[in-house]
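One structure is given below, encoded as structure tokens.
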Amino acid sequence: MRGWEVPLALDASGPVLRKALAQRPFLIKPNLHELRELSGEALIDEPSRIAAARAVVQAGQAHAVALTLGPDGALLVAREGAWRAAALPISPVSAVGAGDSFLGGMAVSIAAGEDLPAAFRRGVAAASAALLAHGTELCRADVVARLLPQVRVEEIAGAVAA
């Protein structure tokens with residue numbers, strides 16, 4: 001759907017993710033297992049994770065990769081740089097929908113014209129809000145708004161994906 005000029009945000013895995021990368025989505029949101037599967041690497045530390053995400057960006061398969069790491073936070077790698085966010089110090093009630101809420105938070109920010117670090121920050125807040133929700137409930141806007149000021153996004157020096 002490249003002709004529509006609408007940024008596509010994708011959360012997929014395995015063969016579906018590999019095939020979708022040929023369409024060059026704007027943003028992909030793998031978790032660590034999914035990025036390991038895609039890269040074929042162990043990705044045991046932050047530099048190797050950044051390198052794997054950077055490889056996707058440099059190959060032109062996506063403009064940005066938002067890697068979710070559960071209790072270890074998240075990483076964002078794009079042509080313009082790389083950022084990390086620590087997980088918020090909360091006691092999760094349920095992990096159901098956290099990844100979906102993360103991507104939804106980023107998509108809302110991108111659609112509103114915010115830059116990638118701001119969208120990443122909202123994604124982390126939305127995922128954290130989902131962790132506080134019971135059952136299959138996704139994040140709630142009021143909880144996202146309450147958590148957003150707590151999210152710290154840090155630029156990773158020297159991690160520009162040229």
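Ala95 and Leu131 make their closest contact through CA-CD2, 3.7 Å (heavy atoms, listed as atom of the first residue, atom of the second, distance). Here the closest heavy-atom approach between residue Ser94 and residue Ala133 is recorded as CB-O, 3.6 Å. Here the closest non-hydrogen pair linking Ala64 and Ala78 is CB-CB, 3.9 Å. Residues Val124 and Ala86 share a closest heavy-atom pair of CG1-O, 4.3 Å. The two residues Val153 and Ala85 have their closest heavy-atom pair at CG2-CB, 4.4 Å. In plain terms, the two heavy atoms of Leu138 and Gly97 that are nearest each other are CD2-CA, 3.5 Å.
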Test side-chain contact (heavy atoms from CB on, under 4.5 Å) applied to Leu10 and Lys29, step by step: CA-CA 6 Å; Leu10 177 69; Lys29 193 229 60 74; over 6 Å; no
Check against side-chain contact (heavy atoms from CB on, under 4.5 Å), His63 and Glu80: CA-CA 9 Å; His63 178 82; Glu80 51 273 45; 3.1 Å; yes
Stepwise side-chain contact (heavy atoms from CB on, under 4.5 Å) test for Leu67 and Leu76: CA-CA 6 Å; Leu67 175 63; Leu76 175 66; over 6 Å; no
side-chain contact (heavy atoms from CB on, under 4.5 Å) between Leu8 and Arg24, intermediate numbers included: CA-CA 9 Å; Leu8 174 68; Arg24 301 176 51 190; over 6 Å; no
Taking only distance into account, with no hydrogens and no angle test, what donor-acceptor pairs under 3.5 Å do side-chain atoms of residues 110-117 form with protein atoms, sequence neighbours excluded?
unit_1	atom_1	unit_2	atom_2	d
Glu114	OE1	Ser109	OG	3.1
Asp115	OD1	Ala118	N	2.9

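Listed by chain and number, the residues in a salt bridge (charged side-chain N to carboxylate O under 4.0 Å, His left out) with Asp142 are Arg140 (sequence neighbours excluded). Residues passing the side chain to side chain contact (heavy atoms under 4.5 Å, CB included) test with Leu147 are Leu88, Ala125, Ser128, Ala129, Leu132, Val143, Gln150, sequence neighbours excluded.
Under the 3.5 Å distance criterion, the side-chain polar atoms of Arg18 are matched with a main-chain donor or acceptor of Leu38.
Applying the salt bridge (charged side-chain N to carboxylate O under 4.0 Å, His left out) rule to pairs touching residues 83-102 yields Glu46-Arg84, Arg84-Glu154, sequence neighbours excluded. Screening residues 69-125 for ring-ring contact (aromatic ring centres under 6.0 Å, His included) gives no qualifying pairs among residues at least two apart or on separate chains. Sorted by first and then second residue, the side chain to side chain donor-acceptor pair (under 3.5 Å) pairs involving residues 32-44 (not counting sequence neighbours) form an empty list.
Rounding to the nearest 0.5 Å gives a distance of 9.0 Å between CG of Asp11 and CG of Leu17.
By the rule that hydrophobic residues join a cluster once side-chain heavy atoms approach within less than 4.5 Å of another member, Ile156 and Val56 end up as members of one cluster. Residues Leu21 and Leu35 are members of one and the same hydrophobic cluster, defined by side-chain heavy-atom contacts under 4.5 angstrom among Ile, Leu, Val, Met, Phe, Trp and Tyr. Placement of Val144 and Val96 in two distinct hydrophobic clusters is found when ILVMFWY residues are connected by side-chain heavy-atom separations under 4.5 Å, directly or transitively. Residues Leu32 and Val77 share a hydrophobic cluster, clusters being chains of Ile/Leu/Val/Met/Phe/Trp/Tyr side chains in contact below 4.5 Å. Two different hydrophobic clusters hold Leu27 and Val108 under the rule that ILVMFWY side chains link at heavy-atom gaps under 4.5 Å.
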